[in-house]
Amino acid sequence: MLEVKHLAKSYQKDKPALTDINFKIDPGNFVAIIGPSGAGKTTILRSLNQLIKDDAGEILLDGEDIRSANKSELRKLRRQIGMIFQNYNLVERLTVLENVLHGRLGYKSTLAGVMGRYTEDEKREALDLLDKVGLSEFALQRCSELSGGQKQRVGIARALIQHPKVILCDEPIASLDLASSQVVMKMLKDLIQELNIICIANLHQIDLAKEHADQIIGIRHGKMVFNDVADKLDQAAITELYGTAVEEKEPA
Amino acid sequence: MNGSKLTAAKYLGHKRLVQSGVLLLVGLIYVVGCYLLKFDTIQGALSIPKAFSWLAINFMPTHESMSYLPQILNKLFETVLMAIASVVVAAVIAIFFAILGSKVTGINKFMQILVRGIASFFRNIPLVAWAMILLFSFKQSNFTGFLALLLMTIGFLIRAFMEIIEDEAGEAMLALKATGASYFQVIFQAVIPQIIPSLISWILYMIENNVRDATLVGILTGTGIGFIFDLYYKSFRFDAAGITVLSIIVVVIILETLSNQIRKVIL
Ligand SMILES: Nc1ncnc2c1ncn2[C@@H]1O[C@H](COP(=O)(O)OP(=O)(O)O)[C@@H](O)[C@H]1O
Ligand SMILES: [Mg+2]
């Protein structure tokens, strides 16, 4: 179980990016975080694996506080948290297989990781996962040769080989066309149920969030203004979250 | 909405004004400069064709100047090797410092500022000045030329490599950090593989550049192709000097073509 209590963060003095964020997520749940751009969604996600050092609060993964972990404890906690990015963040020059195996680095000695030496079991698992995300025939191809949707599936395989308890997705489909978006969302959703893990995804498509997520968290100006099952997100809640349409639209 | 359009028009108008101002200023500096230096623009322009025809007549290699070719090629080879050696050694040193000093891989703020300082110090002292300074300690030798090229190249490459790391490696780095990978794992598994094509591209460019610069340095240090050019020139063997210049041009063009081919393959 992932539990966040009183999480707060400000990048500049007196300009809080997050204030008093509280939520609790059980395994097997798909949670969407929605809200206007600049609301603080990325800040929440990156605080969860401490890529951003937040200011206050507690982040408990099965009771262990990731915020108070020392360097080696943090490494051990991070390997239980997969992450998927809008721009895939793969090492484009390396092969698909190598990129998937990167998910094992947190488990390896520094030297074995630096040299890129992986066990037979790890390689077999990487190939199995590539099969699962439908990319087995691309294993030895360079990532730069793949389409956006395929790259994101490599990202998913890299997260899964970590054997994570949580997968964090920051705008996982914002760079994809509609068809690839549906494939990626469905794949994530199925895997989460199959493996009984938590998935938290920042999304800006409200319809996709309602379609796929079990629980929705709404953020506005760094504050949590909605936290409920997806069906409860009605028009009134959406208006409260995004404000009047005119106010949030930027001039073209 | 309306307000933003208005400010855009105002901004563009302002930009035009600044551009005209700069143009005017440059023109003014030129006119004043010509006056102070007693430089006659028209006379200067007219003398260009004359200068070129003098060059063409005196520097034109003749049949006999071909006998200089073996010596020239020998020195040219030495110079190209020196250029390559200086770049390869500089690249190894520069990648190390660039990793220490870049915003995304740097260890701390102090290191970043220090590395930036070192890079700009080495880069901003002109090559000729480096060669003159080093001549005091190392006399006229190949090593002096090598060292001068090395120091300047280190300065250039540290700066270039840092920018490459910051532009190209940040995203992949973040992903690997998030998996729990350690610092060195991130450097070797994400940063270096990600930046290799741009790295090689810069190394090739610096080799081309250093062949040209090594010629200049050679004049000062009395080595390589620069030395024999200087020798022929000062002993009025202009045809031999001409063929020396010609061989340099040919070699640089060959190197350029070669590195463009390599770039095509790796990128
Ligand atoms: N590195 C940073 N430095 C300063 N301010 C930042 C930084 N990152 C984000 N912010 C600010 O924090 C707020 C929340 O940003 P972010 O979490 O990226 O929002 P979202 O992901 O919802 O678009 C924004 O106002 C943004 O400008
Ligand atoms: Mg964001």
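Remember, predicted model here, so these are calculated numbers, not experimental data. A note on names: the letters A, B, ... follow the listed sequences, proteins ahead of strands, and every chain is numbered from 1.
- To the nearest 0.5 angstrom, A:L101 atom CG is 11.5 Å from B:T179 atom OG1.
- Within 6.0 Å of the CZ atom in B:F121, the count of heavy atoms belonging to other residues, nucleotides or ligands does not exceed 12.
- At a 4.5 Å heavy-atom cutoff, A:R104 makes no contact with chain B through either its backbone or its side chain.
- Counting non-hydrogen atoms of neighbouring residues, nucleotides and ligands closer than 6.0 angstrom, the OH atom of B:Y205 reaches no more than 12 such neighbours.
- Within a 6.0 Å radius of OH in B:Y183, other residues, nucleotides and ligands contribute more than 12 heavy atoms.
- Per-residue heavy-atom pair counts under 4.5 Å with chain B were compared for A:L111, A:I84, A:L105, and the maximum is reached by A:L105.
- Interface remark: B:I196 contributes side-chain atoms only to the contact with chain A (heavy atom separation under 4.5 Å).
- Between B:I192 and A:R93 the shortest side-chain heavy-atom distance does not fall below 4.5 Å.
- Surrounding CE of A:M115 are at most 12 heavy atoms belonging to other residues, nucleotides or ligands under 6.0 Å away.
- The CZ atom of A:R158 lies 6.0 Å from the CG atom of B:L176; values are rounded to the nearest 0.5 Å.
- Listed options A:L168, A:N49, A:N87 were ranked by heavy-atom pairs under 4.5 angstrom with chain B; first place goes to A:N87.
- In the displayed structure, B:K109 atom NZ is contacted under 6.0 Å by at most 12 heavy atoms of other residues, nucleotides or ligands.
- If you measure heavy-atom distances from B:I195 to chain A, you find no contacts under 4.5 Å at all.
- When side chains are defined from C-beta on, B:Q185 does not count as touching A:H102, because their heavy atoms never get closer than 4.5 Å.
- Annotation for B:F184 and A:T110: closest pair CB-CG2, 4.1 Å, computed over non-hydrogen atoms.
- In this structure, the portions of B:L174 lying under 4.5 Å from any heavy atom of chain A include both its backbone and its side chain.
- Looking at A:K76, neither its backbone nor its side chain comes within 4.5 Å of chain B, counting heavy atoms on both sides.
- Heavy-atom distances place the side chain of A:L51, and not its backbone, under 4.5 Å from chain B.
- Between A:E92 and B:Q194, the shortest heavy-atom contact is N-OE1, 3.1 Å.
- Of the atoms belonging to A:I81, it is backbone heavy atoms, and not side-chain ones, that fall under 4.5 Å from chain B.
- In terms of heavy-atom pairs under 4.5 Å with chain A, the best-connected choice from B:A178, B:G170, B:A190 is B:A178.
- The number of heavy-atom neighbours closer than 6.0 Å to CZ of A:R79, taken from other residues, nucleotides and ligands shown, is above 12.
- Residues A:V91 and B:Q189 come closest through the heavy atom pair CG2-O, 3.7 Å.
- Heavy atoms from other residues, nucleotides or ligands lying under 6.0 Å from CD of A:E64 number 12 at most.
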